Every structure is written in C-alpha cells, then in structure tokens.
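Chain letters run A, B, ... following the sequence lines, proteins first, then strands; residues in each count from 1. Quick caveat, the model's predicted, so the values are computed rather than measured.
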There are 2 protein chains.
Amino acid sequence: MTQRKVISFDTIRVACKNCSLSQLCLPMGLAPEDVERLDSIIKRSRPLHRGDHLFRGGERFRSLYVVKTGSVKTYAPSEEGGEQVLGFHLPGEIIGLDAIDKSCHACSAKVLETSAICEVPFQRFEELAASIPSLQHQMYRLLSKEIGQDADMLLLLGKKNAEERLAAFLTSMSSRLSKRGLSPTDFYLSMSRHEIGSYLGLAVETVSRLFTRFQEDGLLRVDRKHVEVLNLTALEMMAGAPPSSAHKQRSN
Amino acid sequence: MTQRKVISFDTIRVACKNCSLSQLCLPMGLAPEDVERLDSIIKRSRPLHRGDHLFRGGERFRSLYVVKTGSVKTYAPSEEGGEQVLGFHLPGEIIGLDAIDKSCHACSAKVLETSAICEVPFQRFEELAASIPSLQHQMYRLLSKEIGQDADMLLLLGKKNAEERLAAFLTSMSSRLSKRGLSPTDFYLSMSRHEIGSYLGLAVETVSRLFTRFQEDGLLRVDRKHVEVLNLTALEMMAGAPPSSAHKQRSN
DNA sequence: AACTCAAGTTGACATGCATCAAGCGTCAAT
DNA sequence: ATTGACGCTTGATGCATGTCAACTTGAGTT
C-alpha cells in the first residue's frame, strides 16, 4: 500500500548467485559451484499477497522458506482467535526451523505484504548439506543464531518494561533493515500496532501511547506505518542497559 | 544436599552405548558402530560441584556440553549483578547451542548441584556428523527442538499470568523428569525460588506466594525444594489453555 | 548451644500496564 | 459524497504483580 508493489518476474526468479541477500542467507560462504547446486533445489513461486499463508500450525513440515522480498510474521494461533506473534521476518531470514524436530509445523506463517519467497525442500537440502561441509556449517550457524535471538527475546519479555521493549523493537528493525541496504532511520513497518503489541507482550494501547510519547520526546517522527528515527543512539540506550537511575520496575 | 551426592567413577565414565540417556541425547537413532565413533570424541571430566561453571559469557566456544547427571542453569549476566535465567537443563539436554553462530558464548552456564557432564568438542563433532547422516539429522532435530521450546517460552512470557507460569514450570519439570525414569509427582527442585522467578519473569515473592497458594488449594505439597504434585491434571489445565472464564488479564 | 547468613515467607503498599470505553482518521466499496 | 469497517489514539479506572520491609527457618560454623 505504501511501498513498491510491482515486482518484476525477473526479480523473483533471480538465482542465488545473483541475489543480493546471499551473504545473509544459506549461500553464505559457499563456493560458486555449490551455490549452483543449492540453487537447483530451490523452488520459487509467484509472489504471495498480504494475508496469504506459507503454512499453518499442524501442517506437515516439508520445506523451509526464505523471504526474498517483503515480510512475514509467524504466530501461534490460540483457540479463541487470539494469537501470539512469534516473530517478524525480513528478506534473507529463514522460516520453519522450529518444525524440523516434529516434522510438523507448530506455528503459522503469514505474509504481511506482497512478498517473494524461496522454498527449500528440506529433505533434499539435508542430502545436499551432507556433501557440502560449508553448507552444513552455515545451517548450524543459522539454527544457532535463531536460538540466540530467542534468548534475547526471553530477556526482553522477562526483564524489560514497555518503553524498553518498544525501543528494542525499533532499534532491531533499524539494524536489520540497514543490513539489507535500506535506511536505518526511515522505514515503513509492515505490521499493525496490534501485532507489535502481541510480539512485545504489550496491549495495543500501550504501544500506541509509547509511539506518541517517543514522538513527543523527539526520538521519532511517526505517521501511521512510516517511522523516521530522529535519535537512534537514544533509542539504543533505552533498549539496552536498564535505565538504572529512573523507572526501575522489573529488576528481578 | 537432599539427594545422592555420591557418584561412582563408573557412572561418570559410562560410554554412550551403556548410557540410559542415549535415547534422549545425541546417539538417538544411530547404528551401534556410529555410537562408538561418537563416543570416541566425547570427553568426560570429573564431576562438577554446585556453583562451578561450564563456561561464562564471552568465552570462546569450543564444545557443547551434555548433562549426564545433575542439573545446570544457563543465564545472561547483566552489569549490576542481576541475571536473567534462560533455562534449566536436565540429564540428556545439550548446552551451548546458541554459541555456534558467533563462536563465542553469549550466556553463562553453572551447575546447580553435583553433576556429571559430557563435553563434545564441536569441530570434531561437525566432521563426524558430515559422515553420519543420521547424526546430522539428529543434530538438526535437537537444534530445532530448542527453537520450538524457546517459542513456547515466548508464549509463556508474553501471554500468561503468574499462576499459569508457575503451573507450566511445574508440569514441564514433571514431564521431563518422568521421561528420565523419575517420578512425575515427587521431586526435588535444584534451583532456588529466586532462580525460578527470574526464569519465569516473576519476583521471588510472587513465586513464594504461589507455592503457598497451590498448597492451600491442594495441588501440591511443598517442603522447601521437595515438591509432591497432588493434582497433576489440574496443574496441566492451569498451565495450558487460558482460564477463559476467570482472571483474564493479558489476553492481548 | 549460640551465632551467622542466606533463603524463604508473609504483609502492606505502590505502580505500570491492562482493560474498558469512546472518538477519530483512513481506506474501500458503493 | 456516504457509508461502514477497521486500525489507531486518548482518557479513565482497576488490578496483578512488583517493591519494601520485617520476620522465620534451616544449614553451616565456631
């Protein structure tokens, strides 16, 4: 709605070796001929649209998915329509790693905006990884990275207050977008306030009030989904070490 | 202090093929000769004592560690002495998976009671896994399982109230102990109330009050670290689906 | 035994954030 | 333009849980 909706077929079909994300993604550190082999097992479908599912909780696990363009949220649907957002995924990030264990998806994945996705059939991938040590190593690294990020998130939910949580969310988005060649201080959020709240363990209203406050304090300029970060270092401070000499709730 | 402190040298030196945990651990699904090969790279040290560290945050990553007997906590130390407990690890569980990515430990690991630990040098392990497909697969499964458990924990911290959190903690302990051949309804907790609170994102006082309340309600009998579960199904109900018709805070 | 210290418990109080409720801007369809 | 729906914002209120403080208990030490 706000951003480029037009994605040429060429962009979607681009091979790993020509993909600008290859240094964040599975091909990282691979020899060119191995990138070619990896490329040959990857399926690239037509772009998906806002609201489409990559998979739903309970479905059999067959493939990992990598965001090429756009963004995806993963969430655990609960009985009464409620949901816990587990993560937001940007280009180059892998989705479905939690399903390898049980061969069954425990969560659902839904695209937040028009997105191109690479599908990696897992069984074929595993065979390939067995014959390419650097691919196996990269896979271990990516799995490990995911675990490390989850630990950061546990810390956030266990110890940080609302202000610190939103600051951490914004600085995380900033740095991830920056790694992908986009502006670290001017971006569009593809998720709703409600989804941000669910992800951070906060009510929508709290998220909204914090956006307002950050704006009043000169940290941000916000217009709906468009965010301009005016004082990134202040946000980083706020997200990082506990304020230590201010609000000190939750120092347990 | 409460349990068997005497661990014979034979118990520590037991090889994977004779280890009662092999079906929860790395050797799961391996052919006997491959178990032998795995066994040959594993180092088994003398037992560690309460308070000893397996590793500390910042140290270089060289090995994974598997609990053979006893228990271990992982935690992220923060500047001012505070710490966030990230997990408690029982026999058969692997520690250090989050460090593969950066080749450096982001958290610390400390044993909670006298414990025997198997050390798995990671580089040698990786070489071995490349030549044993079922070991590689098991490693993927274990990494994936960790990610899935972290997601459960995110849900707990993001959506559940104090009562649900402690109930979830207790039922989780119960089922994990049960898988290891111990009683699901009568066990000793090796961690302090403070550590439980940190893990669950609650203040010590809240944990203490909940233990008292659960006891009053006839769900538990508690004597310091000794817990007898009197009504496991009630605890599971409480931990699982949101109460739906009672306290309904945090249905965001 | 008497002492010490850490861990746990319990009560009183404070507050951050959820909840409830109402209003507003934006977008899409008519 | 009109309508309706939805997402977002803002204000008022209440509650779950954190914080502070005092006391108890148990384990180790002398």
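Ion pair B:E83/B:K73 flagged as a salt bridge, since at least one NZ, NE, NH1 or NH2 atom sits closer than 4.0 Å to an Asp/Glu carboxylate oxygen. Using a cutoff of 4.0 Å between basic side-chain nitrogens and carboxylate oxygens, B:E195 and B:K110 are not scored as salt-bridged. By the 4.0 Å N-to-carboxylate-O rule, B:R193 lies too far from B:E205 to be salt-bridged with it.
Note: CG (B:D223) to C1' (D:dT25) measures 11 Å, nearest angstrom. In this structure, the NZ atom of B:K225 is 11 Å from the C1' atom of C:dA6, given to the nearest Å. Atom CZ in B:R50 sits about 13 Å away from atom P in C:dA6, given to the nearest Å. Put simply, CG on B:L166 is 17 Å from P on D:dA16, counting in whole angstrom units. The nearest whole Å value for the distance from the CG atom in B:L112 to the C1' atom in C:dA7 is 15 Å. The OH-P distance, from B:Y188 to C:dA7, rounds to 19 Å in whole Å. Rounding to whole angstrom units, NE2 of residue A:H226 and C1' of C:dT26 are separated by 17 Å. A:R165 places its CZ atom 12 Å from the C1' atom of C:dA18, with the value rounded to the nearest Å.
End-to-end axis angle of the helix from C:dA1-D:dT30 to C:dT30-D:dA1, using five pairs per end and rounding to 10°, comes to 40°.
Under 4.0 angstrom from either OP1 or OP2 of C:dC17 there lies no side-chain N or O belonging to A:T206.
Shown here are the side chain to side chain donor-acceptor pair (under 3.5 Å) partners of A:S183, two or more places apart in sequence or in another chain: A:T185.
Side-chain contact check for A:I196 versus A:F211: some heavy-atom pair is nearer than 4.5 Å.
Among the nucleotides D:dC8, C:dC17, D:dT19, the one closest to any side-chain atom of A:S192 is D:dC8. Checking D:dG18, D:dC20, C:dT19 against every side-chain atom of A:E205, the shortest atom distance belongs to C:dT19. For B:R193, whose side chain is taken as the heavy atoms from C-beta onward, the closest listed nucleotide among C:dG11, C:dG8, C:dA21 is C:dG8. The listed nucleotides are C:dC17, C:dT26, C:dT19; the one nearest the side chain of A:R224 is C:dT26. Set against D:dC20, C:dC17, C:dA21, the side chain of A:N161 has C:dC17 as its closest nucleotide.
For a distance-only test at 3.5 Å, the side chain of A:R209 fails to qualify as a donor-acceptor partner of the base of C:dG16. For C:dC17, its base never sits under 3.5 Å from the side chain of A:E163 at any donor and acceptor pair.
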From CA spacing to verdict: salt bridge (charged side-chain N to carboxylate O under 4.0 Å, His left out), B:E164, B:K159: CA-CA 9 Å; B:E164 293 164 333; B:K159 288 252 184 317; over 6 Å; no

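Within the nucleic acid shown, A:S208 comes within 4.0 Å of at least one base atom, counting heavy atoms only.
The environment of CZ in B:R221 is sparse: at most 12 heavy-atom neighbours from other residues, nucleotides or ligands sit within 6.0 Å.
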